[in-house]
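Working notes, beginning with the structure itself.
Numbering of ligands and ligand atoms starts at 1, following listing order.
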Amino acid sequence: MYKIVSIPGDGIGPEVVAGAVAVLQQLSKKHGFELVIEEHPFGGASYDLHGEMLTDATLEACRNCDAVLLGAVGGPKWESLPHEHKPEAALLKIRKELGLFANLRPAKVYDALIDASSLKADVVRGTDFLVFRELTGGIYFGQPRGYDDNRGWNTMVYERYEVERIARLAFEAARKRDGKVISIDKANVLEVSQFWRNVVHEVHKDFADVVLSDMYVDNAAMQIVRNPKQFDVIVTSNLFGDILSDIAGMITGSLGMLPSASIGTKYALYEPIHGSAPDIAGQNKANPIATIASVAMMFEHSFGLPEIAREIYKAIEDTLAQGLRTADIASPEETALSTTDMTAAIVRQLGA
Ligand code: NAD
């Protein structure tokens, strides 16, 4: 039995989460596992109901399930609220409360969408790597921080345990992939990066079967667009990962295709990387694939069922190979499917 908390959120969130839930239900029918899906409000939807973006009840539900599935939060309606009430603050809070210290973002290029990439087909074809971004430490959280009229300051600090635990996850993931980890830092300039590098190499002693190399972050930004196929698993700090995972994502084509997982020791949350897309919300136009692929990550990382993850990716690939497209990935001469039709096509492809 798998207990999943579903958090549709705002904008297109409910539309894409409905697609992911339809896929979960199909898989439960097909493989005969029991599925309990509990829906909870978060973000603007929660603010409108309860006056807060993240209630204790939603948080408690997240602590009592096997995995959380999130759509997206935020939108113009809640943008003028004070910072502590904004959806971004609620996202940071849920990650912190659930101890989600690693953000995983795959950069996978689908053959059928190769022309959607901003890079040449030859450069991106076959790209398939996974970025591990440290999520709860580094310069986004370090103290002291602040600014006055004459200066601004932040602190980039990493504790040993913070580096060890994410390095371990990255090495474990590499074992199930092509066995290569590249750790990205700025050790030529930053002491905190030298420390990061030292600790990653110490952890590597337990993973001698995995090949580890280091790369400076400026070079990594270049290499990702020059030759993305050279990467298998990337591990990096919060700030560098924030930037590199966006670059990595965009070479693969559309925002509507990119899933993510945020995982900790006890809990895990799966969500598309895109936002609530207020410009197309409520129009049944959003691409549900990023959220459906997030379910694939859930099967792999939370349920230990990589074969079901592969089944989902294959259903997505086969659906795209038939030429089916939502508006964001369709070329001008192609007819675009609605969110619900794309969902139905993928569910059909999964079979009974
Ligand atoms: P966005 O990702 O919502 O949208 C950017 C563009 O991509 C829009 O044109 C949108 O229509 C398109 N797009 C995004 N997802 C799509 C999909 N699945 N299918 C088709 N097209 C898609 O980013 P934004 O416009 O900068 O932000 C909108 C709101 O979302 C803001 O309130 C922002 O704070 C919030 N946001 C939330 C998250 C999150 O919940 N994790 C992440 C990013 C932004």
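Ligand 1 places these atoms under 4.0 Å from at least one heavy atom of G256: 17 (C), 18 (N). Under a 4.0 Å criterion applied to the non-hydrogen atoms of G74, ligand 1 contributes the atoms 32 (O). Residue contact check: A72 has heavy atoms under 4.0 Å from atoms 40 (O) of ligand 1. The atoms of ligand 1 that sit less than 4.0 Å from any heavy atom of E88 are 34 (O).
Taking the side chain as every heavy atom from C-beta outward, S260 and L104 never approach each other to under 4.5 Å.
Ionic pairing of R165 and E159 is not present here: no N-O contact between side-chain nitrogen and carboxylate oxygen is shorter than 4.0 angstrom. Ion pair K176/E300 not flagged as a salt bridge, since none of the NZ, NE, NH1 or NH2 atoms sits closer than 4.0 Å to an Asp/Glu carboxylate oxygen. A salt bridge links R63 with E97: the closest approach of a Lys/Arg side-chain nitrogen to an acidic carboxylate oxygen falls below 4.0 angstrom. Salt-bridge formation is detected for the pair D218/K186: a Lys NZ or Arg NE/NH1/NH2 atom is positioned less than 4.0 Å from an Asp or Glu carboxylate oxygen. The residues R168 and E172 are annotated as not salt-bridged, no charged nitrogen and carboxylate oxygen being separated by less than 4.0 angstrom.
Checking each of Q322, K314, Q26 against Q349 for a side-chain contact (heavy atoms from CB on, under 4.5 Å) leaves exactly one that passes, namely Q322.
What sits closest to atom 41 (N) of ligand 1 on the protein, heavy atoms only, is E271 OE1, 3.4 Å. Annotation: atom 21 (N) of ligand 1 to nearest protein heavy atom, I280 CD1, 3.6 Å. Counting protein heavy atoms only, atom 29 (C) of ligand 1 is closest to S276 OG, 3.2 Å. Here the protein heavy atom with the shortest distance to atom 35 (C) of ligand 1 is V73 O, 3.2 Å. Ranking protein heavy atoms by distance to atom 3 (O) of ligand 1, first place goes to A277 N, 2.7 Å. Annotation: atom 39 (C) of ligand 1 to nearest protein heavy atom, L91 CD1, 3.8 Å. In this structure, the protein non-hydrogen atom closest to atom 7 (O) of ligand 1 is L255 CD2, 3.6 Å. In terms of protein heavy-atom proximity, atom 16 (C) of ligand 1 is nearest to I12 CD1, 3.9 Å.
With E15, K77, H274 as candidates, the residue nearest to atom 15 (N) of ligand 1 on a non-hydrogen basis is H274.
Residue G75 has at least one nitrogen or oxygen atom sitting less than 3.5 Å from a nitrogen or oxygen atom of ligand 1, judged on distance alone. Taking distance alone, with nitrogen or oxygen atoms compared against 3.5 Å, G275 approaches ligand 1 more closely than that limit.
Residue contacts with ligand 1, taken as heavy atom pairs separated by less than 4.0 Å, involve P278 solely via side-chain atoms from C-beta onward. For K285, no heavy-atom contact with ligand 1 is shorter than 4.0 Å.
Under the 4.0 angstrom criterion, atom 25 (O) of ligand 1 counts as lacking any protein heavy-atom contact. Within 4.0 Å of atom 1 (P) of ligand 1, at least one protein heavy atom is present.
Listed for the E334 side chain is a donor-acceptor partner under 3.5 Å among the backbone atoms of S331. Put simply, the side chain of D232 gets close to the backbone of G179: a donor and an acceptor are under 3.5 Å apart.
The CD1 atom of I4 sits 4.0 Å away from atom CZ of F303, with the distance rounded to the nearest 0.5 Å.
Between Y158 and F195, the distance from one ring center to the other does not fall under 6.0 angstrom.
The shell of residues lying under 4.0 angstrom from ligand 1, judged by heavy atoms, includes A286.
Figure legend: K229 and F231 shown without cation-pi pairing, the cationic atom not lying both under 6.0 angstrom from the six-membered ring centre and within 45 degrees of its axis.
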